[in-house]
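Quick note: residue numbers are just sequence positions, from 1. Both ligands and their constituent atoms are indexed starting at 1 by order of listing.
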Amino acid sequence: MRAGIVSRQAHADIPPGTYEREVGREGFGGPATHFYHRHAPTAWLRWEGPHRPRAYDLNGVLDGSGPGMHCPLDAPLVASNAHMRLRCWKPRTQMHHLARNADGDELMFVHEGGGHLYCDYGHLLLRDGDYVVIPRGTAWRFEPTSTSFLLLLEATGDSFQLPDRGLLGEHALFDQGVLDVPQLDDEFQAQQQAAGSGREWAVRIQARHRMSTLIYPHNPLDAVGWKGTLAPVRLNWRDIRPILSARYHVPPTAHTTFVTQRMAVCTFCPRPVESDPGALKVPFFHSNDDCDELLFLHAGQFFSRDGMGPGMLTFHPAGFPHGPHPAAYQASLTKPRTELHEVAINIDTRDPLDIAPGMDSCERQGHADSWKGYLDTDSQARQEVAA
Ligand SMILES: [Fe+2]
């Protein structure tokens, strides 16, 4: 189906003087239509109403000395719905107890710092850029070796899986050979010696989002062996080899790293920019009407957003269009970058998100107005595209 002036190929050879907007279902994998607009879809004069795009500086969330930073299960909530919870955790001291999340798998991401993760399965040394999937019910503790800033994403009642790679084959994006599991190594053996000290060990358990505590007279991390098909796994973004095309801007879903029944986690890694003269070089304006979207910047300056640095998070709810910021869009037309160096995590949820009330204190005001530059520049941009 089509009408009027269109491009025969989405995200390429956009008719001069127009802006492409995608409305689509099922993330970026379902039915979709592309509109070619005379004005930028985000060039609104003003936004009325409380439900709106928002931006947060998570660097401003409580420092490590604040309440809730001693145990990951108490870390400040960022956003949630019935199928997920996102927390921001900044531990400064080692845990002297164990945490066990019985409500769902936990996906940990080390934004800054690192340290030793000890769990039922052994020991992993973590560094910045590591993801760790911690299966539901695993007891663990963390000993930071430097100032650390982690994201904790709970798949409530669910588990994290690897996405189907389809035609790309199972070794695309990353070979499963790069996934690491905890080891029963010397460090793990050493921390077991604490079991002989006679001190009590507490296991804090979150179940149905209520807390209980078990007290043991020994260190419960005392396994001498394990075997099976279930274990924590670690993946660093540096081991991801992103899918790209010189001639086509692939959608965010091509960068999917983990999936649950109601959520997808994508990793945007450094890559060359599309080189085809007609190919779009920034994300297209889109509504993604079945998903709410969180984007967290881990490293660099995000290529399609103006003024977004590491540790910042944007929230773009379903139902409203968003897209590249004016300066980034203009640069993509007139002087496009050839390489992207930033690293970002995109979380798409199939159910509406509630932003935690405590996030008000670190909200960057005016995000809904951050595309206003299009009001001034869209006519100029159209002239340059036509030229
Ligand atoms: Fe988006």
Side-chain angles (χ1 to χ4, degrees), residues 10-11 14 19-35 37 40-44 47 51-56 58 78-79 81 84 86 151 153 163 242-244 248-260 262-269 271 273-274 279-298 300-309 312-329 332 340 342-353 355 364 367-371 373-374:
H11 321 324
I14 294 170
Y19 295 90
E20 183 185 73
R21 174 173 69 102
E22 177 173 305
V23 295
R25 310 297 304 274
E26 308 288 340
F28 293 94
T33 283
H34 298 95
F35 292 92
H37 291 286
T42 53
W44 43 74
W47 189 297
H51 192 44
R52 57 178 59 198
R54 296 182 183 277
Y56 301 91
L58 298 190
V78 173
N81 62 33
M84 68 83 87
L86 178 65
L151 297 179
L153 179 60
I243 298 303
L244 55 97
Y248 176 71
H249 185 90
V250 299
T253 37
H255 305 291
T256 302
T257 312
F258 301 104
V259 293
T260 69
R262 308 294 297 173
M263 173 168 59
V265 178
C266 310
T267 313
F268 302 148
C269 293
R271 63 172 175 82
V273 174
E274 297 80 4
L280 200 61
K281 296 172 180 61
V282 286
F284 39 92
F285 295 93
H286 59 278
S287 299
N288 196 359
D289 286 306
D290 282 332
C291 297
D292 275 9
E293 173 196 299
L294 295 171
L295 181 77
F296 177 78
L297 186 61
H298 169 55
Q301 296 289 318
F302 202 66
F303 72 120
S304 62
R305 308 265 167 90
D306 301 345
M308 183 175 177
M312 290 198 63
L313 177 88
T314 57
F315 165 58
H316 291 130
F320 310 108
H322 61 276
H325 275 126
Y329 189 80
S332 78
L340 301 180
E342 53 270 42
V343 181
I345 297 172
N346 189 80
I347 303 169
D348 272 4
T349 64
R350 288 296 303 268
D351 305 281
L353 287 165
I355 302 296
R364 178 180 280 196
H367 183 61
D369 294 326
S370 61
W371 291 270
Y374 282 115

Tell me if the centroids of the rings in H51 and F320 come within less than 6.0 Å of each other. yes
Check whether the side chains of E293 and H322 place a donor and an acceptor atom closer than 3.5 Å, and report yes or no. yes
Across all chains, not counting sequence neighbours, the side chain to side chain contact (heavy atoms under 4.5 Å, CB included) partners of A254 are V250
Residue set satisfying side chain to side chain contact (heavy atoms under 4.5 Å, CB included) with S287, at least two apart, ordered chain then number -> R21, V23, D289, P321
Protein N, O or S atoms lying under 2.8 Å from the Fe ion (ligand 1), listed by chain and number: H286 NE2, E293 OE1, H322 NE2
Are any non-hydrogen side-chain atoms of Y329 and F285 less than 4.5 angstrom apart? yes
Listed pairs under 3.5 Å, donor-acceptor, residues 26-35 side chains, sequence neighbours left out:
unit_1: E26; atom_1: OE1; unit_2: R350; atom_2: NH1; d: 3.1
unit_1: H34; atom_1: NE2; unit_2: E22; atom_2: OE1; d: 2.7

